[in-house]
K.L.:
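Please see the structure below; I have some questions.
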Amino acid sequence: MNHQPFETWLLDDKYLSAAEKRELDSHLRDCRTCSALAETGLALRSARVISPAAGFALRFQQKLVLQKVAERRRRLWGLIVLIVSGVGLLGWFAAPFVYAFISAPVEWLTAAVGYFLFVFTSMQAFSEILRVLSRMAPNFIPPYAWMVMLSTLAGLGLIWVVSIWRFARKPQGVTV
C-alpha cells in the first residue's frame, strides 16, 4: 500500500484542502499504520509541555563550560602523550643509526655521496634512453597507429572529465 502522500500530510501539519481531507480520512479507515501515526501525532500535539525547573539554563551552561574545559584538558594530555611516545619510539629506532653515524661519520658520508651519484647517473642514462626511443618511435609506428593512440587518449580524457563532473556536482532539490 502506498503511504507516501498520507504520511507527509500527517507529519507536516499543513492545511489540507477538503478533497485531501476526504482522501486522508478514507485512507485512515483502511490503513492501520497511518491511523496509528495519526493517533501518535494527536497524542503528541495534545501533550502538555512542562517548563524546566528554575535555573535550568544557567546550570546547563555551567555544565557545558565544565565539559568543554575537561575536553580541552583531555585533548592536551592526549597530544602530550602522543608526542612523547612518538619521540621515544623514533629515538628507540634511530639510536643504532645515530650511534653508527657518530662512531664513523666518514663511512656514512661516502655512502650518501655514492648513493646520490648513482641516482644522478641513473637518471641521466634513463633520459638518454628515452631520447633515443623518442627519435626512433616515429619511424616504426605508422601514422594511423598514432591516430588511434591519440584518439584513445582523447576518449579517456573525456571519460575522466565527465566522471569528475558527475561526482563533483551537487544535487539540487530533495533526493529520495
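In this chain, numbering begins with 1 at the start of the sequence shown. Being a predicted model, the structure only gives us computed values, none of them experimental.
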K.L.:
Any link between Ile164 and Val161 through a network of hydrophobic side chains (Ile, Leu, Val, Met, Phe, Trp, Tyr) touching at under 4.5 Å?
P.N.:
yes
K.L.:
Report the distance from atom CG of Leu42 to atom CD of Glu39, rounding to the nearest 0.5 Å.
P.N.:
8.0 Å
K.L.:
Applying a strict under-4.5 Å side-chain criterion to I, L, V, M, F, W and Y, I'd like to know whether Trp92 and Tyr99 cluster together.
P.N.:
no
K.L.:
So which atom in Cys31 and which in Cys34 form the shortest heavy-atom distance, rounded to 0.1 Å?
P.N.:
SG-N, 3.4 Å
K.L.:
Answer yes when Arg74 and Glu71 have at least one side-chain N-carboxylate O distance shorter than 4.0 Å, and no when they do not.
P.N.:
yes
K.L.:
Once you round to the nearest 0.5 Å, how far does OG1 of Thr110 lie from CG of Leu117?
P.N.:
11.0 Å
K.L.:
Working to the nearest 0.5 Å, report the span between CG of Asn139 and CE of Met136.
P.N.:
8.5 Å
K.L.:
May I ask you to decide if the ring planes of Phe60 and Phe56 are parallel, tilted or perpendicular, using 30° and 60° as cut-offs?
P.N.:
parallel
K.L.:
Would the distance check show the side chain of Gln62 and the main-chain N or O of Arg59 forming a donor-acceptor pair, the cut-off being under 3.5 Å?
P.N.:
no
K.L.:
Grouping I, L, V, M, F, W and Y whenever their side-chain heavy atoms are under 4.5 Å apart, do Leu133 and Ile141 come out in a common cluster?
P.N.:
no
K.L.:
Just by modelled atom types, is the Arg22 backbone N or O under 3.5 Å from a matching donor or acceptor in the Ser26 side chain?
P.N.:
no
K.L.:
Treat each ILVMFWY residue as a node, draw an edge where side-chain heavy atoms are under 4.5 Å apart, and state whether Leu82 and Leu90 are in one component.
P.N.:
no
K.L.:
As an exercise, state the distance from CG of Leu158 to CG of Leu153, rounded to the nearest 0.5 Å.
P.N.:
12.5 Å
K.L.:
Is the number of heavy atoms from other residues, nucleotides or ligands under 6.0 Å of Glu20 CD greater than 12?
P.N.:
yes
K.L.:
Check for a donor-acceptor pair, side chain of Arg45 on one end and backbone N or O of Gly41 on the other, with a separation under 3.5 Å.
P.N.:
yes
K.L.:
Taking the side chain as every heavy atom from C-beta outward, state whether Leu64 and Lys68 have any pair of such atoms under 4.5 Å apart.
P.N.:
yes
K.L.:
Quick check: do Glu128 and Gln124 have side-chain heavy atoms less than 4.5 Å from each other?
P.N.:
no
K.L.:
Find the distance between CZ (Arg29) and OG (Ser35) and round it off to the nearest 0.5 Å.
P.N.:
11.5 Å
K.L.:
What's the separation between atom NZ in Lys63 and atom CD in Gln67, rounded to the nearest 0.5 Å?
P.N.:
5.5 Å
K.L.:
Grouping I, L, V, M, F, W and Y whenever their side-chain heavy atoms are under 4.5 Å apart, do Leu79 and Val87 come out in a common cluster?
P.N.:
yes
